[in-house]
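The residues of the chain are indexed from 1 along the displayed sequence. Counting starts at 1 for both ligands and their atoms, following the listed order.
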Amino acid sequence: MRRQDSGVERHIPVLLQSVLAGLAPLAGAKVIDGTFGAGGYSCALLNAGAEVIALDRDPQAIREGQALVDQFFPRLHLIQAEFSQLDQIVEGQVDAVILDIGVSSMQLDEAERGFSFQKDGPLDMRMAQTGFTAADVVNYLKMDDLAQLFKTLGEERYAVRIARMIEKRRCIRPFLRTIDLAHAIEALIGRKPGDHIHPATRVFQALRIYVNNELNELAYGLFAAERVLKAGGRLAVVSFHSLEDRMVKKFLSARSGHKKGSRYLPEIKSVPATFIPLFKGVKTATQEELQQNPRARSARLRISVRTQEAAIAADMKLFSLAEIARFEGSKK
Ligand SMILES: C[S@@+](CC[C@H](N)C(=O)[O-])C[C@H]1O[C@@H](n2cnc3c(N)ncnc32)[C@H](O)[C@@H]1O
């Protein structure tokens with residue numbers, strides 16, 4: 001969702017009031033905004049008196065954020081980096097980390113970035129604008145691996161059928177444009193009246209997550225936040241789909257020191273808790289926010305408070321993620 005602000009289109013930050021309330025008090029606090037985007041959260045944090053170290057992997061977000069750097073000089077430090085590295089970028093410990101996972105409205109709305117199946121653009125999807133593109137994946141990944149990717153990262157029930165169709169079609173003519181891929185999927189799967197989402201939605205989600213290595217980024221971002229937060233510091237994560245929210249939930253639950261006992265055994269403490277939830281479950285958007293910003297519909301916010309226990313070693317096994325083939329380059 002974008003808003004017109006003195007001629008400039010802006011991304012509307014989701015669940016902003018809940019994030020600010022959950023991270024308060026902010027005056028004098030040192031905060032990492034790991035997903036700067038259009039700077040919506042950063043701007044609000046700065047207005048509340050915080051010093052902000054903001055990261056984004058997208059060079060365009062960094063360029064467009066320079067005006068805010070000047071406006072809030074010297075309290076906003078804007079750096080092009082991945083949030084999985086956040087503890088290596090800041091010196092010392094911080095009072096809060098906020099991660100607003102996923103893609104920004106600017107990235108989605110700009111056809112040339114190739115994220116949207118509703119606008120014709122190159123099949124790109126790279127947030128950092130480097131590395132392999134979605135077109136590389138679609139045209140060169142083995143059929144079985146493509147099917148696995150659509151199934152695991154898109155939760156797509158027609159994963160195998162779609163991967164087979166892609167394999168046949170790409171020999172004749174490679175997929176280079178977003179609309180071309182979206183139409184081919186729609187022609188294969190069809191669209192029943194009343195279907196709420198476009199039949200290409202899940203495949204596009206899977207490709208975006210794969211191209212940007214998003215699940216690994218999230219996992220290592222959470223581990224890094226645990227290392228960089230001081231005792232009493234807060235971690236806020238906003239996610240937009242169940243794959244991500246499940247990971248955040250698993251991480252925070254494992255770090256809360258409780259291991260579920262059986263019906264006959266009380267809950268037993270396993271490891272020291274490094275995080276305590278600020279509230280139970282997730283916060284979602286109110287009706288009022290949804291009216292202004294329909295994109296907030298699927299947003300889920302979790303906030304936890306760091307304890308004084310030492311950070312636990314990073315271990316990807318915690319997330320039980322399915323194996324997905326690595327992209328080995330554009331040679332079949
Ligand atoms: C949903 S938007 C954030 C919007 C922001 N909270 C605001 O209010 O304007 C997500 C942003 O995070 C960036 N991003 C996604 N994954 C990232 C990662 N692993 N490291 C750094 N930036 C990332 C994207 O490039 C995008 O600009």
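- Surrounding NZ of K249 are at most 12 heavy atoms belonging to other residues, nucleotides or ligands under 6.0 Å away.
- Outside the 6.0 Å centre-distance limit, the rings of Y140 and F175 are not counted as a close aromatic pair.
- The side-chain tip of R295 points at the ring of F240 from less than 6.0 angstrom away and within 45° of straight on.
- For CZ of R202, the number of neighbouring non-hydrogen atoms (other residues, nucleotides, ligands) closer than 6.0 Å is 12 at most.
- Near ligand 1, residues H11, P13, G34, T35, F36, G37, A38, G39, G40, Y41, D56, R57, D58, A81, E82, F83, D100, G102, V103, S104, Q107, M127, E217, R295 come within 4.0 angstrom through at least one heavy atom.
- In this structure, R161 forms a cation-pi arrangement with Y158, its terminal cationic atom sitting closer than 6.0 Å to the ring centre and no more than 45° off the ring axis.
- Other residues, nucleotides and ligands place no more than 12 heavy atoms under 6.0 Å from the CZ atom of R157.
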